[in-house]
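Please read the structure below before turning to the comments.
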There are 2 protein chains.
Amino acid sequence: MLKLAILGFLYDRPLHGYELRRHLSALTGHVRPISDGTLYPAIKRLETAGLLVRETEPGTAAAPRHTLHLTEAGRTALRDRLREPEPLDISDENRWFTLLAFLRHLADPAAQAAVLRRRLAFLAEPASFFYEGERPLGAEEFADPFRRGLLLVARATSEAELGWLHATLAELGEPAAE
Amino acid sequence: MLKLAILGFLYDRPLHGYELRRHLSALTGHVRPISDGTLYPAIKRLETAGLLVRETEPGTAAAPRHTLHLTEAGRTALRDRLREPEPLDISDENRWFTLLAFLRHLADPAAQAAVLRRRLAFLAEPASFFYEGERPLGAEEFADPFRRGLLLVARATSEAELGWLHATLAELGEPAAE
DNA sequence: CGACCATACCTCGACGCCGAGGTATAGCGG
DNA sequence: CCGCTATACCTCGGCGTCGAGGTATGGTCG
């Protein structure tokens, strides 16, 4: 997820580590703040993999800033990742949101629509949180207000997203089902 | 999160590993399937910490089943965790949902309400995903349909949950603000 | 002028998670 | 009786994340 977000932000324009950190914490920071000890090794991994290059800017600020540029391989890696996301990118809301934040970089509307359809298929799967044997339990069946709330909120989210998905697929000139 | 879920399920009644796995995958499995390599070490950690005991049941099934029982320390640990959740339990939706699933084990309505109020405070914080300098960007300001959707869905979820939180706090006989 | 904070980068050990692999029995269909 | 699947448990290496720590400069305030 971090890799995806780094590539996504750098796709727009080069940034140095600290700027990147601020962008990242705006995107996912209220949910899960990312720490230096996570970010810098991640940058280094991407550098080693040849997806970005660091250019030292001996300059304005205190420490020598390293401006991070995506390489052509990095740009391709982002587009590939967006075009064919891992299952977890589709199912985990945090990762899906990260993916959505950069999906516009996949220039082809048909490819974008294909990704949205995968999320649609995932949301359409019947999935409850609790079962009695085989039978899924609905929100109404709980006396427990907390489990009821859990199911209620999940359902509301799911409905809002389904509505948006259908509207956006139509907007892209793509049918919801293939 | 796994620790919380294991303690939560075992609080209701003893289970053996395999049953536990099925409960866990119903609760969080559609989002992030949990693997054996995660579950069994987690059980062992809880055992080492004295929060649960394993009782071998030489019996019915194929392999000797270990029925897992919470100890008194385990029951206390769950209640403590529920009473004073970590920040991530409040902010991360996956973890928050897990917490909600077991919040009823905190018998005291005032303590339950205090936890709900923490979530309320978190949701009330103004938090956007994207900024232009200092200014948060609203959904309407994006031409990009994906970022617009991201903000729209996040807002819908947030509103549904706020509604439920207020209703449930009232139901518990507790004001939304202290 | 010293205290303090923001900027900017980096390292390290600990720890949890994952996937891939392994072991073994029970039950079913062919 | 063989192969298959479900049940049930476990280990291991690899990897990503985290928190705590360190280093250094520039700007602001009293």
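In this text the structure is predicted, and so the values were computed from the model without any measurement. Reminder, nothing fancy here: chain letters follow the sequence lines and each chain counts from 1.
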Query raised in the report: Under the criterion side chain to side chain contact (heavy atoms under 4.5 Å, CB included), which of B:Leu46, B:Leu52, B:Leu15 is the partner of B:Leu68?
Result: B:Leu52
Query raised in the report: Please give, in whole Å, the distance from C:dA8 P to A:Leu15 CG?
Result: 12 Å
Query - Gap between atoms CZ and P, on B:Arg54 and D:dA8 respectively (whole Å) - result: 15 Å
Query raised in the report: From B:Leu150 CG over to A:Glu161 CD, what is the distance, rounded to the nearest 0.5 angstrom?
Result: 9.5 Å
Query raised in the report: Rounded to whole angstrom units, what separation is found between the NE2 atom of A:His66 and the P atom of C:dT7?
Result: 18 Å
Query raised in the report: B:His16 side chain N/O closer than 4.0 Å to the phosphate oxygens (OP1, OP2) of D:dC9?
Result: no
Query raised in the report: Quick one: A:Glu86 CD to D:dG16 C1', roughly how many Å, whole number?
Result: 13 Å
Report task. For this output row, return yes or no: ring centroids of B:Phe102 and B:Phe9 closer than 6.0 angstrom. Result -> yes
Report summary line: Atom CE of A:Met1 and atom C1' of D:dC15 are separated, to the nearest Å, by 16 Å
Report summary line: Atom OH of A:Tyr18 and atom P of D:dG26 are separated, to the nearest Å, by 16 Å
**Report entry** DNA chain D-proximal residues of residues 20-44 of chain A, any heavy atom under 4.0 Å
**Finding:** A:Arg32, A:Ser35, A:Gly37, A:Thr38
Query raised in the report: Salt bridge or not for A:Arg118 and A:Asp89, using N-O below 4.0 Å?
Result: no
Query - Any A:Arg45 side-chain nitrogen or oxygen under 4.0 Å from OP1 or OP2 of D:dT17 - result: yes
Query raised in the report: Given atom CG of B:Leu88 and atom C1' of D:dC18, what is their separation to the nearest angstrom?
Result: 11 Å
Requested in this report: For residues B:Val115 and B:Leu82, determine if any side-chain heavy atom of one lies less than 4.5 Å from a side-chain heavy atom of the other.
Outcome: no
Report summary line: When rounded to whole Å, the CG to C1' distance for the pair A:Leu46 and D:dT17 reads 15 Å
Requested in this report: Flag the pair A:Asp108 and A:Arg83 as a salt bridge only when some basic side-chain nitrogen lies within less than 4.0 angstrom of an acidic carboxylate oxygen.
Outcome: no
